[in-house]
There are 2 protein chains.
Amino acid sequence: MPSWLLGQTAQHAGRLVVDGFSSVGARGYHYRVLATLEDFGPASQATLGRRSGIHLSDMVATVNELAELAFVERAADPADRRRNVISLTKAGKRQLRRLENRLAASQDELLAPLSPEERASLTGLLATLLDHHNRRAGIPEERWR
Amino acid sequence: MPSWLLGQTAQHAGRLVVDGFSSVGARGYHYRVLATLEDFGPASQATLGRRSGIHLSDMVATVNELAELAFVERAADPADRRRNVISLTKAGKRQLRRLENRLAASQDELLAPLSPEERASLTGLLATLLDHHNRRAGIPEERWR
DNA sequence: AGCGAATCGTTCGGTCGACCAACGATCATG
DNA sequence: CATGATCGTTGGTCGACCGAACGATTCGCT
């Protein structure tokens, strides 16, 4: 029963990752937003949400928290007064490095019992699944703004 | 980044499974308790919790709900008056069958893009991971009661 | 130019899974 | 018998996810 396996494994993985993040005072949404910002550059909150898969309403709180910590900057978009342009600060980049380190550590712990070939195989299979389900869920290849 | 992949894939999987369950008016804990009951037989709530990985306090509500629906029976244990002995009813077994069907359907949808060999490979890798982390998290080996 | 539709940010609320603290009742062991 | 453990229960926290509603703004079409 792969669903059970996937679920249980994901629970372990999630616990590892969450613990790693919380040891730096962050949570999952923080990493996802910071990483998305670095990968795609500054963007509006709605666009950020689409790219990272975070609900618009949750994005508000997340950006509030990150801005409070000065990891992110919220500026009015002169070209569209509905929009806030969110951008990564120096401190935000440093935090992102910290979170990536934690993530790598969690990763090593999670995949400890697997050989390099097995790790590659697992990654490939998961990527196939993810690609398929992202595609059918309509992720529009985001390059907007 | 396997953690990201695992997490995202698990999210898709979780959505599929949860949607499947909720279409029969159930949630994850219901399936886990019913399945554990069938696999191990009647048991106290605490034992059920250990076997299914559900917190004792959450078990209360879950058993309440299942008993309300007559999927499960709560009887006082004559040998230990602290305990409730929970057992599966006929209707509970039928519900379990329904949930298993939904689960199988979710499974098919999840693994659609994978060949049979790939499915086996994925299952094996996940089982390895799960086994390892279960082991290191303390194996109860539950056969009590 | 103007009007209706769509988008953006925001607030509120709700579900679900996981977990913790406390408490009375009961049992087990010294 | 006293002390400590276990069981069921209540009530609360937290994070991730989702939906409804609303004012402000912009877009698209005629």
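Computation of the quantities below employed the complete heavy-atom set of this structure, encompassing side-chain atoms and omitting hydrogens, waters and symmetry-equivalent molecules. Residue numbering restarts at 1 for every chain, and letters A, B, ... go by the order of the sequence lines.
For B/His55 and D/dT10, the NE2 to C1' distance is 13 Å, given to the nearest whole Å. Here D/dC27 presents its C1' atom at 11 Å from CZ of A/Arg83, a figure rounded to the nearest Å. Remark: P of D/dC17 and CD1 of A/Ile54 are 8 Å apart, rounded to the nearest angstrom. For the pair B/Met59 CE and D/dT10 C1', the computed distance is 16 Å after rounding to whole Å.
Residue-to-nucleotide proximity on DNA chain C shows that, of B/Arg27 and A/Ala46, the 5′-proximal contact is made by A/Ala46.
In summary, contact between chain A and DNA chain C, defined as any nucleotide atom under 4.0 Å from a heavy atom of the protein, begins and ends at C/dA6 to C/dA18 in the 5' to 3' direction.
No more than 12 heavy atoms of other residues, nucleotides or ligands sit less than 6.0 Å from atom CD of A/Glu73.
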* To do: Before giving the answer on side chain to side chain donor-acceptor pair (under 3.5 Å), spell out for A/Gln45 and A/Arg74 the whole-Å C-alpha distance, their side-chain angles and the decisive distance to 0.1 Å.
  => CA-CA 9 Å; A/Gln45 297 181 194; A/Arg74 199 192 236 128; 3.1 Å; yes

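Here A/Leu56 lies in heavy-atom contact (under 4.0 Å) with a base. Among the heavy atoms of the strands lying under 4.0 Å from A/Asp58 is at least one base atom, whether or not backbone atoms are also near.
Evaluation of atom-type donor-acceptor distances gives no pair under 3.5 Å for the side chain of B/Ser44 against the base of D/dG8.
Distances shown here put every side-chain N or O of B/Asn64 at or beyond 4.0 Å from the OP1 or OP2 atom of D/dT9. Distances shorter than 4.0 Å separate some side-chain N or O of B/Gln11 from OP1 or OP2 on D/dC17.
Two residues are said to be in side-chain contact when any heavy atoms from C-beta on lie closer than 4.5 Å; B/Phe71 and B/Lys93 fail this criterion.
A distance of 11.0 Å separates CD of A/Glu65 from OH of A/Tyr29, quoted to the nearest 0.5 Å. Distance CG/A/Leu125 to CG/B/Leu122: 5.5 Å, rounded to 0.5 Å.
Of all heavy-atom pairs spanning B/Val85 and B/Pro42, the tightest one is CG1-CB, 4.0 Å.
Salt bridge annotation for B/Arg15-B/Asp19: present, with a cationic side-chain nitrogen under 4.0 angstrom from a carboxylate oxygen.
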Taking N or O atoms only and anything under 3.5 Å, show me the protein contacts with nucleotides 24-26 of chain D, one pair per line.
unit_1 : atom_1 : unit_2  : atom_2 : d
D/dT25 : O2     : A/Arg82 : NH1    : 3.4
D/dT26 : OP1    : A/Arg81 : N      : 2.8

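B/Gln11 is linked by a side-chain hydrogen bond (donor to acceptor under 3.5 Å, both in side chains) to nothing, counting only residues two or more places apart in sequence or in another chain.
Remark: the B/Arg27 side chain and the B/Ser22 side chain contain no N/O donor-acceptor pair separated by less than 3.5 Å.
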